[in-house]
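Working notes, structure below.
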Amino acid sequence: MAGHLLRYLTDALVKFEYVYLTPLLRPPTPQWIPLVVQAPQQLMEKDASFDIKSIFDGFLWGVPTCRRSAEKRMMRKYGAPNWHNKLILPRKDIKTCGTCGHNHEAGRLCPNCYSKVKAETSILQEKMVQELGLDPIDKEIAIIYQGEKNQFDDEFFKGKRVVQMEKPRSKWFSKNLLQRSGPNANLSNSEVTTIKPHDLG
């Protein structure tokens, strides 16, 4: 109880000094009034030696206390071979296309050859729409390039809708790509035959 009253009296004297004595005395006088009323025990505590560890209990918790080692710095910067390698290494999964000579990833189609296939496919689709329209296709379609009509007999064109291209066939576009392959069942016979494309070599 006495300590509480002493603390209250000290705060009142400090406010009195700040409000009334500071404007009258210039420069400001030191706070000598609280020193008079302070307890002897508090004065003895001020004379005690200062310990730096006492300030680590509060606002210095977020400061790093250990230096990051060189191994961890290199790991964060360059990674590790068996974990996550951040170095720029030469790729070993690049192959050369045997048809056009362009490079491509292993296990993937050659982008140069595939672009030719997409362009040729779009031309075929546009030609089929021009000649056959958008009607449902009820017959097999035979695509004939320029100069190839004499290579087939009349039996080949029976029951088929012919689409003639006004340009020669590309060298990479083999004839076997337009042939039907797989099992073929005849309605009059229960036997199943397998048709394979020719000229695969």
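Residue numbers count from 1 along this sequence.
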First locate atom [atom1] of [X], then atom [atom2] of [Y], and finally report the distance between them rounded to the nearest 0.5 Å.
| X | Y | atom1 | atom2 | answer |
| --- | --- | --- | --- | --- |
| R67 | K72 | CZ | NZ | 12.5 Å |
| K118 | I123 | NZ | CD1 | 13.5 Å |
| T96 | H104 | OG1 | NE2 | 7.5 Å |

Considering all heavy atoms of both residues, which atom of [X] and which atom of [Y] are nearest to each other, and what is their separation?
| X | Y | answer |
| --- | --- | --- |
| N85 | L87 | OD1-N, 3.1 Å |
| Y145 | K167 | CD2-O, 3.3 Å |
| I143 | R169 | O-NH2, 4.3 Å |
| M75 | A80 | SD-CB, 3.6 Å |
| P136 | R161 | O-NH1, 4.2 Å |
| F157 | V162 | CD2-CG2, 3.4 Å |

Self-check item: Close side-chain approach of L109 and V117, heavy atoms under 4.5 Å
Solution: no

Self-check item: Side-chain touch L124/M165, heavy atoms, less than 4.5 angstrom
Solution: yes

Exercise. Determine, step by step, whether K116 and S170 satisfy the side-chain contact (heavy atoms from CB on, under 4.5 Å) criterion, reporting the C-alpha distance in whole Å, the side-chain angles of both residues, the deciding distance to 0.1 Å, and the verdict.
Key: CA-CA 10 Å; K116 296 179 181 179; S170 302; over 6 Å; no

Report, as yes or no, whether the 6.0 Å neighbourhood of atom [atom1] on [X] holds more than 12 heavy atoms from other residues, nucleotides or ligands.
| X | atom1 | value |
| --- | --- | --- |
| D138 | CG | yes |
| K149 | NZ | no |
| I94 | CD1 | yes |
| Y114 | OH | no |

Self-check item: Polar side-chain atom of K95 near backbone of G107 as donor-acceptor pair, under 3.5 Å
Solution: no

Quiz item: Is it true that a side-chain atom of R68 and a backbone atom of R73 form a donor plus acceptor pair closer than 3.5 Å?
Solution: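 Between the backbone of R73 and the side chain of R68 there is no qualifying donor-acceptor contact (under 3.5 Å).
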
Quiz item: What residues, two or more places apart in sequence or in another chain, satisfy salt bridge (Lys or Arg N to Asp or Glu O under 4.0 Å) together with E105?
Solution: R91, R108

